[in-house]
Each structure stands twice: as C-alpha cells, then as structure tokens.
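Just so you know, these numbers come straight off a predicted model, no measurement behind them.
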Protein chains: 2
Amino acid sequence: MVDKLGRRSSSKGTALDLIRSSGPISRVELAEMTGLTQATISTVVRGLITDGLISETGRAESTGGKPRMHLQINPGSRLSIGVHVGADHITYVVTDLAGTVIGRLRAPGPADTSPIEAVATIATDVDRLISGLDIDRSRIVGLGLVTPGPIDKRSGSIQNAPTLAHWTDFPLARAVGTATGLPCVFDNDATAAAIGEYWMGATSDHLTYGSVYMGMGIGVGIVIDGSIYHGELSNVGELGHVSVDARGRVCPCGNIGCVELYAAPPAVVAAARRASAEGRLDLAFTGVVARDFEAVATLAMAGDATALELVTESAEYLASAIVSMVNLIDLHLIVLAGSAFSVAGSLYATTISRMLAERVLARSISGVDVRISVNGDDAAALGAATMVLQENLSPRSLRAVTLATAP
Amino acid sequence: MVDKLGRRSSSKGTALDLIRSSGPISRVELAEMTGLTQATISTVVRGLITDGLISETGRAESTGGKPRMHLQINPGSRLSIGVHVGADHITYVVTDLAGTVIGRLRAPGPADTSPIEAVATIATDVDRLISGLDIDRSRIVGLGLVTPGPIDKRSGSIQNAPTLAHWTDFPLARAVGTATGLPCVFDNDATAAAIGEYWMGATSDHLTYGSVYMGMGIGVGIVIDGSIYHGELSNVGELGHVSVDARGRVCPCGNIGCVELYAAPPAVVAAARRASAEGRLDLAFTGVVARDFEAVATLAMAGDATALELVTESAEYLASAIVSMVNLIDLHLIVLAGSAFSVAGSLYATTISRMLAERVLARSISGVDVRISVNGDDAAALGAATMVLQENLSPRSLRAVTLATAP
DNA sequence: ACACATAATAAAGTGACCTAAGAAAGTAGG
DNA sequence: CCTACTTTCTTAGGTCACTTTATTATGTGT
C-alpha cells in the first residue's frame, strides 16, 4: 500500500478521479488516460464497484466490436463536510462525491469569541446541519476545516492570523475533531480553494496552477504537477506578503510594501474613504470592511469612475504580485477565488489577465489563463469538503494524472 | 524498473546518494535512513558493488555483536562533464562521483559567434579536456550543458536570453550531444547550481531550498522536497523578474520594477558610474560589466563607503525579492551562487540574512538560513556535471530532469 | 566454552503492476 | 442463421520491489 519511500498506491484513486471528472467513461478510456493496461483497470474498477463508489450505467455505441460499458460515480455514496472559518462568517457545506452541495449554512463569524466557544458552536451547527438533511452519518467521510492566514498543520492550529490573532496555538483541528466526532482535515483557505477547483474539474487542462484567494487578506494555493504544494513548513502561499514596493508602506508582518496593503479589501476601503472625504466618491460607509468593499465593487461594476479606479488600482497591484509569482514558479493558470472577487471578479480577471499578457517573461511560449472560481463565494468551504474527499479517496491522484501526458 | 505511473525504481539511487553524502556508512544506517529493511538494503548494496559504484572499506567498532561493514563510494568509477555557457566565459569541468573536480577549463565566452560555431568550439574543447586528462571515455556518464536565461527544455534551446538572444530556438542540446558523442542533459544555470549544492551535500539539512544564482542576471533554482522544480513549461526561477517596485523602472521583459534592474551587476555598475561622475567613487571603468562589478565589490569589501553603499543597496533589493519568494513558497534555506557573489558574497549573505530575519512572515516558526555556494565561481558548471550524475545514478532523489540524449 | 548481541543473507510472501491468452458481446458478409 | 472479424473485459501467470521471518556469520562478555 505505502512503500517506505513515501509512494502510495493510487490507481484506485486516480481512476475514481477520472471517472468523477470525465463523466461517464469506459474502462478503455481510463486505460488510455492513466497509461495502465486494460487488465489493471479492470481489477481497479471492480474494486471501486464493490466499494459502492461507482457503477456501470449503460453501454456505448459499438465501434465494430463489444461496446464499452460506461462507468459513473455514485455521488451519494460518500459525503463530506466543509467548514470555512472566515473573518465575518463561518460557512458550512455538505457535498457529495460529485462536489454537489447537499446542504449549506452560513453563520456569523467568530469575531472575539474564544476558540473553545467557537468549537462548541461549530459542533452544534454541524449537528444541526446533518440532522436537518436526514443523512446517514456513516456515509460522511470526514470534516474539512479551513481558516485564513498562516497555520501550523502539525499542531492543527492558527498562527498569528490578523483576524484571529487570539486563536494562535489553540489546537483547533483536534478540538473540532473530538467535538464533532468526525475525522478532521485542517488547512488554510487558499489551499482548500485550490483543491476545490481541481475537484470540480475546472483545472483539468492544467496540472500546475495557482488559486489566488482574496478574503480580507490575500493567499494563494499552489498546485504543482497535480500535487498541492505545502512548502517546507506549510507556510506556503502568502501572496499577500509579496512586496510590490521595496520602499513602500510598512506591513505589520515586518516586511515592506506587501501587496496586501495596496490591493486587499481593507486597503481599497481605506482609499475609498479618502476619495469620499475628497468628495470624489458617494458612498455611505458601514464600518464593516467586507460590506464596504462590496459596495465599492458594486459601484465599480455599475461604472462609477472613482470606484472603478479604486478597484482597478487594487487589481493592478495584485496583478503585479501575480506576475512576480508566475515568473518565479511558471504557472499558466490562475484561478481567482474568495469573497473579494464575488462582486467585481470579472473586473479583476480582466485587469490581471491583461497585465499577465503584457508582463510575464515566458508569455511568448505560453500565455497565462485567468479564471474566476467555479465555486463562487463558497470556494473555501467547498474546497474544505473536497479536501477531505481527496485525502480519503484519491490520496495521490492530485499527482498521478501527470502520467497521462508522460511520453 | 519504470512503472506506468511514472514512478521509477530508486532505492539504488537513494542508497548511492546517502553513501556519497554521508561518507563511510553501514548497511544498518542506510536501512534506518531510508526506512527500508536491512534485507532490501543488503540486495541494493550488492547491486551497487557489482556496478563498481561503491565498495566495502572496513568494519566499524562492534557494539556487542557483529561489527558493521563500512560502505564507501568509488569516486573514480564514473565521471561527468559540465559545461556552463556564460556571458563572458565558457566553463568546463570534469568531476567524479564525489564531486571532485578532475579537470577544468575556462574559455572566452561565445559573444557574437553563431551557435553552430560555438557548438564546434565546445566539442573540440571537450575533446581536448578529456584527452589532456587521459581518461577512459567509457567512464564518462554524460555531459551537462547549462546556460543563463529562459530555456525550452523540450527542444533543448535557449529562449530570448539577453546575452545570447541570437541563439533563440537553436537546438543546442541536440547539437552538442551529437558533436561530442555524449548524452547531453540541458538546463539553466540556476537550476544546475541548485543541484550542484545538493550533490555536494551542502544542503543535506534541508529537503526544500532555493539556490539564487546571480551572473549578469538573477535566477533561482528551486528544490522542493528533494526534487528540482521545473514548472509547467520549465520557465521557473526567474527571480530577476520579480518586481520590487510596481511603479518603478520599465524592464525590457515587459514587466515593471524587475529586481534585476536594481540589484544585478549591470545596475550596480551603472550606479557606480553615476557615483563616479559625482566624484563619490574612485574607479577606472573597463567597460566590461563583469570586471567593473568585481571592482566595485572589491572596493566594498575593502571598506570604501560609496562602494559599500552600492553593494548594500543591491543586496537589499535582492533580499526584498527573496523575502517575497520565501513568503510565497516557504523556503528555509537560501544558497547564493554565481560569479556575482564571488567577491562580495559575504556582504550579500549578511544583508540578505538580516532582512529575511526581520521580514519573513513565518520567521517565528523557523528562520531562513543563508549560505554562500560551496562551489564558488564554478557552481553552474559543477552543477551541470552533477546534474548528469544525478540523472543517471540517482534518478529519483532529485526527481528526474528530462533528457536530451544524443543518438 | 558458553550464552548473547548484532549484522548480513536467504527464503518465502505480498501487492501492484505487467503480458498473453481467453471469454463475452457486438458488427458485417455470406 | 452461420461464420469471420473486431473490440471489450476478464483470467492466469509472471515480475519487481518490497516485505516478514528465519538462518548464518561474526563479534563481545562471563
């Protein structure tokens, strides 16, 4: 199963992955795509059928011989719960194997509550969600928990996240796991969103991509050769703390000119306030950054010149950081996810796409695609849920697909 | 040997890697370090001995039972040639399995010669080097060829490198392979330098690190989990084109504020010329950037205030880009390689180290080590040579580098 | 000399793959 | 309908890199 050099048997997961993402598919096609022989696929598929994960659902047209049997996923056979603890909301989703949202719940964010209280709330919310859906608990594979900011995966705790500073070092993953009685997978929101995109099949044309996640801060989940990249100590993806001005503003993180200070919602809202004070923008501020940012974005989408300017400036700074990232690690697909893109995502996508086309070093070899997340506002929660499925059903698949293209 | 999921039998390579890097070592220790059983190690080691790659070289002290046999590499059993086509020199090295330089040759750079002429020159130079050393050609595993700038690994060609613009699209790797009659591995200098560090054992405490290479431009070789990261299309590591000022100088690459424009030798020399014009620096410029940069660096090391200021500014800009990179991909070791660090490397290392300690987001969890390459000025050429050894003898330990083989 | 410890090899088993050959299920021509 | 052919899927046996469990070699301490 797992050899000592860390490789892991994966053909079952790989096959499941392909069946899920490539709809009804035959054994022959699976063999072609994985590079495995039909004989091997045959036994792998039999295993998946006995596990109840897939079934045969009909036959294809004959091409002169025995027709192929179509294989399809049994979406309801396994379920997963995703929990995104964001700055202003906690979002819960229940998804099936196909990534379809079976249930959803959005509760107020934890704000200043202690992590212990928050864990209790999460547990009761999850319980309510499950019982409200009348689901057999045994079908639930596990719970994915994602939070913004730097985390320590080993201890399952948050580390100095600006919005949840007082949760630092609290063993969140373990606590949620015991409180809910479900196996708990823990990661940061940007990484989860990246996995979510993959699971939904939105990135099937790229094995390497970045999923930029902008909530209050800015992060990026990096998928390399079909594997989530976690870095040496899981502190990967702090795109918000890439500097766009070595002589610029001082960031609380210690660095100078962090793009977060120029492009993230708090920066945009601050700039909007200044514009408002100068009489260039007509907006009633609520004091809640997320809502005010949404208002600015809405105005920009409606064509307000000043709001448009503010959003474009944010997008351009963000794009500058993304260009640096692309030059550094050679990505050709950027997915935009997170609440900050829910209103003016298209504006961001256009600006970022344009700047990538003009500025990326390798643009002559291949351009960079920019897409908005297929998972909308729930990208992180949905990613959390799919993360669990990934972990349990396709442990290695976010890599094995490589083979298809191998010579 | 190679299963269809792209995994490759590697225990032999892994074992060789450990024997090479961890000096005389016993089978028992190998078993502990690899996680394989003693039985497996026993057979793997037998294979390496029959291949002539290693031998038993004595026994350890007994700890109450049968003493362990020491295993050691046979350095001379295999040789490799590394060729670095730089801006001002072509550097050739011949190394053995231990990474010891057996032969070395430095020839003038290709300047404006056509790639066809250059290939001919390289072939005769290699021939001269080999015959001068009286080496059995059959022991030569292959030739590693590295160049600055963006390359296309698939075609084995350079792509728009500033110093070798007219070589774009010429199938260099194939040409050198046929001209020399040696299997040819092709990559960029920064990546090669990173592999060189690994092979020399200088990074044995980190599985993930970056090797910053500064010649005329700035690149970085990224090793992730012990594997060289090549990116989706092998355009990874363009650290020089990370922006440090989104509103800054316009780079020929299309991007704005590229760190290369602030920190690389041409920028330092330009700044030195301005300082000289203002009478703040006493230096006779030769017009050759590499030599003038060396002069400035020498003055800085000697304590000249203005030169020190220039070098420090370069280091600070470079550090800013490195901080961004570290925040993005979570590295905890940075190696500095390339000719630009040969004089004032320690100055750069100090400045970069300081800024990383102050500015990296995850600094509370673990700091970032900064080291100067153990391979000095020949880091790229030496890396090229070790790349070949890596490819042929330890395919998996730094995951495979695609090959451009001669017929 | 003895018991005991440790190292290295041998032997047999396992899992994931392979190749090769057959069984099953269709089409096309007589 | 029968036969020939094609294509899909399964079965059977083999290989490879491991494993676990013994066995043999080579020491130390009493």
* Could you list the residues that satisfy side-chain hydrogen bond (donor to acceptor under 3.5 Å, both in side chains) with A:Q38, not counting sequence neighbours? =>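 A:Q38 satisfies side-chain hydrogen bond (donor to acceptor under 3.5 Å, both in side chains) with no residue once adjacent residues are dropped.
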
Who passes salt bridge (charged side-chain N to carboxylate O under 4.0 Å, His left out) against [X], sequence neighbours left out?
X: B:D152; value: B:R154
X: A:D205; value: A:R371
X: B:D330; value: none

* Heavy atoms only: give me the nearest A:L97-A:L53 pair and the separation to one decimal. =>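 Taking every non-hydrogen atom into account, CD1-CD2, 3.7 Å.
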
* Letter per nucleotide, 5' to 3', of nucleotides 25-30 of chain C [B base touched, S only sugar-phosphate touched, - untouched; heavy atoms, 4.0 Å] -> BBS---

So which protein nitrogen or oxygen atoms get under 3.5 Å of nucleotides 12-14 of chain D's nitrogens or oxygens?
none

Side-chain N,O ([X]) to OP1/OP2 ([N]) below 4.0 Å:
X: B:S11; N: D:dC18; answer: yes
X: A:R27; N: D:dT8; answer: no
X: A:T40; N: C:dC18; answer: yes

I'd like to check the side chain to side chain contact (heavy atoms under 4.5 Å, CB included) partners of [X]; sequence neighbours left out, ordered by chain and number.
X: A:T208; answer: A:D225, A:L331, B:Y229, B:E232
X: A:T386; answer: A:I195, A:W199, A:L382
X: B:A193; answer: B:S211, B:Y213, B:A337, B:A379

* Tell me the side chain to side chain donor-acceptor pair (under 3.5 Å) pairs involving residues 18-27 of chain A, sequence neighbours left out? ->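 Qualifying pairs: A:D17-A:R20, A:S26-A:E29, A:R27-A:E56.
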
* To do: Return the nearest nucleotide to the side chain of A:T37; candidates are C:dA8, D:dT19, C:dC18.
  =>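 Closest of the options to the side chain of A:T37: C:dC18.
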
Below 3.5 Å, can you tabulate the donor-acceptor pairs from side chains in residues 59-71 of chain A to any protein atom, sequence neighbours excluded?
residue	atom	partner	partner atom	Å
A:S62	OG	A:G64	N	3.0
A:S62	OG	A:G65	N	3.2
A:S62	OG	A:G65	O	2.6

* Looking at DNA chain C, which of residues 46-55 of chain A put a heavy atom within less than 4.0 Å of it? ->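 Those residues whose heavy atoms fall under 4.0 Å from DNA chain C, taken from residues 46-55 of chain A, amount to none.
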
